[in-house]
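What follows is one structure encoded as structure tokens, with my remarks underneath.
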Amino acid sequence: QVQLVASGGGSVQAGGSLRLSCAASEYTSSTFCMGWFRQAPGKEREGVATIYIYTRGSKTYYADSVKGRFTISQDNAKNTLYLQMNSLKPEDTAMYYCAARLCSYWPALRPAEYNYWGQGTQVTVSS
């Protein structure tokens with residue numbers, strides 16, 4: 001069972017940047033698709049970005065709301081997933097979660113499609 005630990009959240013002003021990290025308990029490339037999700041108060045959890053690292057390369061997929069501002073990446077040597085968030089907006093304020101699923105199809109950004117979850121890390125963007 002994959003265990004995930006998210007970190008890196010904080011408070012920033014609009015236009016600022018943050019990088020979230022998610023440490024996995026085991027090597028996840030080639031087997032698992034990794035994703036970032038977020039949940040604002042009173043709203044449903046939504047997918048932000050997902051990545052799949054395979055033998056010959058990698059592929060990523062983003063929600064329209066973050067495309068061009070957020071970058072998902074993965075360091076295989078450290079078993080760590082990242083989310084670089086630039087040009088942050090107040091509407092990006094949420095609890096952010098990392099997650100993993102067995103990668104049998106692509107892409108997938110619905111929370112129900114993911115089996116393993118880390119604890120959340122809070123991101124607050126002030127105007």
Side-chain angles (χ1 to χ4, degrees):
Q1 183 171 347
V2 178
Q3 295 181 327
L4 305 170
V5 179
S7 62
S11 297
V12 295
Q13 290 190 330
S17 298
L18 279 175
R19 188 177 80 157
L20 306 183
S21 299
C22 175
S25 60
E26 61 185 75
Y27 185 77
T28 58
S29 294
S30 300
T31 302
F32 291 93
C33 282
M34 307 296 294
W36 285 100
F37 294 78
R38 65 187 182 186
Q39 187 167 17
K43 295 188 176 181
E44 293 187 352
R45 191 170 298 188
E46 63 174 359
V48 173
T50 181
I51 187 169
Y52 177 51
I53 306 292
Y54 52 99
T55 304
R56 297 185 178 182
S58 64
K59 47 188 177 182
T60 58
Y61 183 83
Y62 297 90
D64 288 342
S65 58
V66 305
K67 205 173 292 183
R69 300 188 298 122
F70 290 10
T71 302
I72 189 171
S73 61
Q74 190 167 336
D75 185 332
N76 293 333
K78 298 180 179 180
N79 290 348
T80 301
L81 177 73
Y82 300 100
L83 184 69
Q84 178 66 44
M85 304 184 295
N86 298 328
S87 302
L88 282 161
K89 305 175 181 180
E91 51 263 44
D92 294 318
T93 295
M95 187 72 76
Y96 282 71
Y97 300 88
C98 56
R101 66 180 181 96
L102 292 173
C103 205
S104 57
Y105 59 92
W106 176 269
L109 266 184
R110 292 183 300 160
E113 296 175 293
Y114 286 72
N115 309 104
Y116 307 102
W117 291 85
Q119 90 294 359
T121 185
Q122 179 68 38
V123 172
T124 303
V125 184
S126 58
S127 57

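Reckoned from all heavy atoms, side chains included, excluding hydrogens, waters and symmetry mates. What you are looking at is a predicted structure, and each value in this text was computed from that prediction instead of being measured.
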With salt bridge (charged side-chain N to carboxylate O under 4.0 Å, His left out) as the criterion, how do Lys89 and Asp92 come out once you've worked through the C-alpha distance, each side chain's angles and the decisive distance to 0.1 Å?
CA-CA 5 Å; Lys89 305 175 181 180; Asp92 294 318; over 6 Å; no
Any side-chain heavy-atom pair of Trp36 and Cys98 under 4.5 Å:
yes
What class does the angle between the rings of Tyr52 and Trp106 fall in, given that below 30° is parallel, 30 to 60° is tilted and above 60° is perpendicular?
tilted
Starting at OH of Tyr97, measure out to CD of Gln39 and round the result to the nearest 0.5 Å.
5.5 Å
What salt bridge (Lys or Arg N to Asp or Glu O under 4.0 Å) pairs are there with at least one residue in residues 39-60, not counting sequence neighbours?
Arg38-Glu46
Testing the 3.5 Å rule here: is there a donor-acceptor pair between the side chains of Thr50 and Tyr114?
yes
Point-to-point distance, once rounded to the nearest 0.5 Å, from CD of Glu26 to CG of Leu4:
9.0 Å
Quick check against the 3.5 Å criterion: does Arg101 have a side-chain atom that pairs as donor or acceptor with the backbone of Glu113?
no
Taking the inter-plane angle between the rings of Tyr96 and Phe70 on a 0 to 90° scale, is it parallel (under 30°), tilted (30 to 60°) or perpendicular (over 60°)?
tilted
Would you check if Val48 and Tyr62 make a side-chain contact, meaning some heavy-atom pair closer than 4.5 Å?
no
For the atom pair CD (Gln13) and OG1 (Thr124), what is the distance rounded to the nearest 0.5 Å?
12.5 Å
Could you measure the distance from the CE atom of Met34 to the SG atom of Cys22? Nearest 0.5 Å is fine.
5.0 Å
Partner of Leu81 under side-chain contact (heavy atoms from CB on, under 4.5 Å), picked from Ile51, Asp75, Leu20, Ile53, is Ile51
Tyr116 side, atom OH; Ser25 side, atom OG - distance, nearest 0.5 Å
9.5 Å
